[in-house]
There are 2 protein chains.
Amino acid sequence: MELNDRKKRILQAVVSDYIETAEPVGSRTIARKYVTDLSPATIRNEMADLEEMGYLEQPHSSAGRVPSVMGYRVFVDNIMEKYKLSVMETIRMQEVMNEQAQQFDKLIEKASRVIASVTNYATVAVSTGHKRSKLKAIQIAPVSSKEMVLIIVTFDGTVKNKLIRLKNDVEPEDAVRLSKEMTGRLSGLSLNEISLETINSIKNEFYSLEELVGAIIGFVSEVIGEIDSKQVIVDGGVNLLKFPEYSNIEKAKEILEVLDNKEQLSNMISLPMPTGNKVNILIGDEKNGVKLKDCSLVLCNYEFNGSSGTIGVIGPTRMDYARVVSALEYLCEGMRPQLEGGVTKNDQEKK
Amino acid sequence: MELNDRKKRILQAVVSDYIETAEPVGSRTIARKYVTDLSPATIRNEMADLEEMGYLEQPHSSAGRVPSVMGYRVFVDNIMEKYKLSVMETIRMQEVMNEQAQQFDKLIEKASRVIASVTNYATVAVSTGHKRSKLKAIQIAPVSSKEMVLIIVTFDGTVKNKLIRLKNDVEPEDAVRLSKEMTGRLSGLSLNEISLETINSIKNEFYSLEELVGAIIGFVSEVIGEIDSKQVIVDGGVNLLKFPEYSNIEKAKEILEVLDNKEQLSNMISLPMPTGNKVNILIGDEKNGVKLKDCSLVLCNYEFNGSSGTIGVIGPTRMDYARVVSALEYLCEGMRPQLEGGVTKNDQEKK
DNA sequence: ATTAGCACTCAAAGTAGTTGAGTGCTAATA
DNA sequence: TATTAGCACTCAACTACTTTGAGTGCTAAT
């Protein structure tokens, strides 16, 4: 049997209505609200076909139809129309993009927050590719003779700092010299390219600053660890509670617990880097080993000053895919490298 | 009527059992499990008295008794026995205290996490008193000739940084000079004592570095803003979902939404600085304007290198107060100033 | 090919009836 | 006089049964 035009129209009606109401959709409803040129009986016949083809399901024999995972799939891939973001929505997203464009880590945090609030689902973001981000500078800023702030800056604009207290005095000049030297030797290397030999040679050269050098090395490895164990940001978990699919606590707990488990989330999101920075939609079934039956996940990759990552929206399978996709695309597009005086795509569109 | 010893025993039984089971407690249960030397009938009479006195309530006429807010109050103030923390519990808390003792902001984050996981309720922490924390140093660390990391360090060990990009080149020497000068002039001042005049005089003196000085001033005011608008940390919200009082979604949503609203939380927690760093227990009724009827809040103040704050546990009124109080007291005690070589109270106890 | 009509299905909502944990009161007991 | 056994009473929670209505599939008419 072929998915002809009429069948498509009816499938679209079922999915759209179900997305809106969360109730099984009957033939009458469709005839009244969507496909007014056909009678319920005809629609019933078509729906029976669609069910046979695997696009629809019936919760029980006298209920309306509900989209199956396959149904959502073709809806998302072939039927769904592009959602046009409202002005308010674009403004809210742009505000964030403009505000804090320098610091990678903060940027993602803000981005997650907007996406959660614009889509009304939950957001998850991880920064991968980070690993490859190269060291730009190591700075030692003396606070007092025994206290230093260590700073590591990478090429993507991530800044990590640590306040340390030393037992021995260190002259500010020495600190400056050391940081210059370390920056010189280590700059351009990716964080995990820094070898023990390099470190040791610095250690030998600055044997008088042994304690400080030790602290720096400790900090560097700490930062490597931190950056490698990708940062996972979650926002908008509570949003999900307003959907009827989570009105029973067990379901709600299930998903909120997943959102609380950064480890698991990271696995779920970061494995399946799909094509370019197109959005990728995972529906229903198990996603990367994490089983969240009735959830969908819309993922989008972003890039920013050489670092990249994935930001995703988690919600019920009955998610407003069109809106979510548009929002994510707009945001990720707007997050492309912001070089000095650079113009992002969204800016251009506005003109 | 007087709250004699026998009544106290029975009240204790009711509260303890209700805390454990979340079910109304009947006279038989008490006679079997707690007050074995009295018959159910006698206990019934006493319970009727306790109800008349306002310490107990009946959900309906043929149910057992449940503690009233007043009942919890006297339980907490006069009846409850101190809970002795298990070794595991103390170890878990100490690990955190020792690990990241230098940086104030990170410390509180970790502390919240442990408390949530040790108590199995939700934790909320704010850092107040921060406002009074004094500026220790302003550092400018050049990354390249056009990029600088600005760093502000306060006396309590808070470090804030920001990566900025300038239009004009700045010589590293100038940056060093400027940061020395600014540290010299501003160090020791609390963040909101920094006056416009001081700022302007620096601006005049370093007119050639106008852009950089401008950026720094912007950053300083940003940091003041950030520190004044207290940082609110929340953890363990999902923990609450396992309690039957939140098995209906509306209730769950209500409390999780409060936990999501940092503004509201901050008001709820930070207003009622009670005596010293003793714990303070708010039961049931409205707390500082936020109405969360069936919740209790156990608060404890901490101090750390001159900054202070409040950490609190939120849970159902039927909370294991004794355990929560002990955990909070232990933790806040352990968080006292960690000066070089200093010994905290908990360390001493161990010996 | 479409549709009106009708019998059929089944979850959800409503209606009793039953059960059992718990109470309060009274009269017997230590 | 304080305690307790005994008993009638209450009421949420559970079960079993009925009703309702939205929705279906099939058939015969258009």
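Numbers restart at 1 for each chain; the letters A, B, ... are given by sequence-line order, proteins then strands.
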- A:Val118 backbone acceptor or donor facing A:Arg323 side chain under 3.5 Å: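 Between the backbone of A:Val118 and the side chain of A:Arg323 there is a qualifying donor-acceptor contact (under 3.5 Å).
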- Check A:Tyr246 against A:Asp294 and note the closest heavy-atom contact, atom names and distance.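 Taking A:Tyr246 first and A:Asp294 second, the nearest heavy atoms are OH-O, 4.0 Å.
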- Item | Considering all heavy atoms, the nearest A:Pro316-A:Glu245 contact | CB-CG, 3.4 Å
- Task: To the nearest 0.5 angstrom, please state how far the NZ atom of B:Lys7 sits from the CG atom of B:Asp49.
- Result: 4.0 Å
Is [X] near enough to [N] that one of its side-chain N or O atoms lies under 4.0 angstrom from OP1 or OP2?
X: A:Ser61; N: D:dT24; answer: no
X: B:Arg44; N: D:dC7; answer: no
X: A:Arg28; N: C:dA4; answer: no
X: A:Ser62; N: D:dG23; answer: no
X: B:Arg65; N: C:dG22; answer: no
X: A:Ser39; N: C:dT2; answer: no

- Task: On DNA chain D, check which nucleotide each of A:Asn45 and A:Thr29 is closest to and give me the residue with the more 5' one.
- Result: A:Thr29
- Message: Reading DNA chain D from 5' onward, which residue's closest nucleotide shows up sooner: B:His60 or A:Ala41?
- Response: B:His60
- Complement of D:dT20, any strand, by Watson-Crick or G-U distances under 3.5 angstrom: C:dA11
- What is the pairing partner of D:dA28, taking Watson-Crick or G-U wobble pairs with both distances under 3.5 Å in any strand? C:dT3
What is the separation between atom [atom1] on [X] and atom [atom2] on [N], rounded to the nearest whole Å?
X: B:Ile43; N: C:dC25; atom1: CD1; atom2: C1'; answer: 18 Å
X: B:Gln58; N: D:dA12; atom1: CD; atom2: P; answer: 12 Å
X: B:Asp49; N: D:dT3; atom1: CG; atom2: C1'; answer: 14 Å
X: B:Asp5; N: D:dA2; atom1: CG; atom2: C1'; answer: 17 Å
X: A:Glu51; N: D:dC26; atom1: CD; atom2: P; answer: 11 Å
X: A:Asp37; N: C:dT3; atom1: CG; atom2: P; answer: 8 Å
X: A:Met47; N: D:dC26; atom1: CE; atom2: C1'; answer: 15 Å
X: B:Arg32; N: C:dG22; atom1: CZ; atom2: P; answer: 8 Å

- Exceeds 12 heavy-atom contacts within 6.0 angstrom, atom NZ of A:Lys242: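 Yes, because the 6.0 Å sphere around NZ of A:Lys242 holds more than 12 heavy atoms from other groups.
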